[in-house]
Participant: 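The structure under discussion is supplied below as structure tokens; questions concerning it will follow.
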Amino acid sequence: MVIRVYIASSSGSTAIKKQQQDVLGFLEVNKIEFEEKDIAANEENRKWMRENVPEESRPVSGNPLPPRIFNDSRYLGDYEAFFEARENNAVYAFLGLTAPPGSKEAEALAKQQA
């Protein structure tokens, strides 16, 4: 399983840049392996991301904007979905990964199962 984060290296939107940095920074700090896919510098990445964001997750008009997160080819969500998972200490579940022992998420799961 590979976490793939689709970003735009040359986005003019400060909000998009901040969201991308937030997602990538979280993954790096938590030592979660991921691939960064730049849709601004690579047409294949842009095409693949746009084709693989499910219809119900697309904006009403225009194309889906980064950051978009996938586990292999399975769409996980956008920044809002990631942020919500982070706020609920459920990022590993969101990413389809097992939470490492000692993490807030692992501790919360242990309490639920007790």
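A quick note: this is a predicted structure, and the numbers were derived from the prediction, not measured.
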Participant: Going only through I, L, V, M, F, W and Y residues with side-chain contacts under 4.5 Å, is there a path from Ile69 to Ile7?
Facilitator: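 Yes: a chain of side-chain contacts under 4.5 Å links Ile69 to Ile7.
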
Participant: What's the spacing between Leu65 CG and Ser11 OG if we round to 0.5 Å?
Facilitator: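 OG of Ser11 is found 8.0 Å from CG of Leu65.
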
Participant: In terms of hydrophobic clustering (I, L, V, M, F, W, Y; side-chain heavy atoms under 4.5 Å; direct or indirect links), are Tyr79 and Ile32 co-clustered?
Facilitator: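 Shared cluster, yes.
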
Participant: Which pair of non-hydrogen atoms, one from Arg74 and one from Gly96, has the smallest distance, and what is that distance?
Facilitator: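 That closest heavy-atom pairing would be NH2-CA, 3.9 Å.
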
Participant: Side chains of Arg46 and Asn63, heavy atoms from C-beta outward: is any pair under 4.5 Å?
Facilitator: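 No, their side chains stay 4.5 Å or more apart.
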
Participant: Give the minimum heavy-atom separation between Ala85 and Phe94, together with the two atoms involved.
Facilitator: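 Of all heavy-atom pairs spanning Ala85 and Phe94, the closest is CB-CB, 3.6 Å.
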
Participant: Rounded to the nearest 0.5 Å, how far does CG of Asn52 lie from NZ of Lys47?
Facilitator: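 CG of Asn52 is found 11.0 Å from NZ of Lys47.
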
Participant: Inspect the surroundings of CD in Glu33 and state if more than 12 heavy atoms from other residues, nucleotides or ligands are less than 6.0 Å away.
Facilitator: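 No, not enclosed.
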
Participant: Indicate yes or no: does Arg58 engage Glu55 in a salt bridge with an N to O separation below 4.0 Å.
Facilitator: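 Salt bridge: yes.
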
Participant: For a quick test of reading the model, state the closest non-hydrogen atom pair linking Gly102 to Ala106 and the distance between them.
Facilitator: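 For Gly102 versus Ala106, the nearest heavy atoms are N-CB, 4.3 Å.
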
Participant: For the pair Asn71 (side chain) and Ile3 (backbone), establish whether a donor and an acceptor sit closer than 3.5 Å, ignoring hydrogens and angles.
Facilitator: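 Between the backbone of Ile3 and the side chain of Asn71 there is no qualifying donor-acceptor contact (under 3.5 Å).
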
Participant: Grouping I, L, V, M, F, W and Y whenever their side-chain heavy atoms are under 4.5 Å apart, do Leu27 and Leu97 come out in a common cluster?
Facilitator: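 In one cluster: yes.
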
Participant: Would you check if the side chain of Glu105 reaches a backbone N or O of Tyr92 as a donor-acceptor pair within less than 3.5 Å?
Facilitator: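 A pair under 3.5 Å: yes.
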
Participant: Quick check on the hydrophobic clustering: are Phe34 and Leu95 connected, directly or via other members, by side-chain heavy-atom contacts under 4.5 Å?
Facilitator: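 Yes, it is one cluster - the side chains of Phe34 and Leu95 are joined through contacts under 4.5 Å.
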
Participant: So, the side chain of Arg4 versus the backbone of Asp72: is there a donor-acceptor pair under 3.5 Å, distance only?
Facilitator: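 Side chain of Arg4 to backbone of Asp72: a pair is present.
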
Participant: Taking all heavy atoms of Arg68 and all of Ser57, pick out the closest pair and write down the distance.
Facilitator: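 Of all heavy-atom pairs spanning Arg68 and Ser57, the closest is NH1-O, 3.2 Å.
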
Participant: Check whether any side-chain N or O of Asp38 sits under 3.5 Å from a backbone N or O of Ser9 as a donor-acceptor pair, and report yes or no.
Facilitator: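 Yes, because the side chain of Asp38 sits within donor-acceptor range (under 3.5 Å) of the backbone of Ser9.
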
Participant: Using the rule that Ile, Leu, Val, Met, Phe, Trp and Tyr join whenever any side-chain heavy atoms are under 4.5 Å apart, tell me whether Tyr6 and Val53 fall into a single cluster.
Facilitator: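 Yes, it is one cluster - the side chains of Tyr6 and Val53 are joined through contacts under 4.5 Å.
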
Participant: Return the minimal non-hydrogen interatomic distance between Phe82 and Val91, and the atom names on each side.
Facilitator: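 Heavy atoms of Phe82 and Val91 come nearest at CE1-CG1, 4.0 Å.
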
Participant: Measure the NZ-CZ distance between Lys37 and Phe70 for me, rounded to the nearest 0.5 Å.
Facilitator: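 If we round to the nearest 0.5 Å, Lys37:NZ and Phe70:CZ are 11.5 Å apart.
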
Participant: Answer yes or no: is there an ion pair linking Glu107 with Lys104, defined by an N-O contact shorter than 4.0 Å?
Facilitator: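 No, this pair does not count.
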
Participant: Strictly distance-based, threshold 3.5 Å: is any side-chain N or O of Asp78 a donor or acceptor partner for the main-chain N or O of Ala81?
Facilitator: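 It does hold such a pair.
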
Participant: What pair of heavy atoms forms the shortest contact from Glu36 to Leu24, and how long is it?
Facilitator: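 Here Glu36 and Leu24 meet closest at OE1-CD1, 3.5 Å.
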
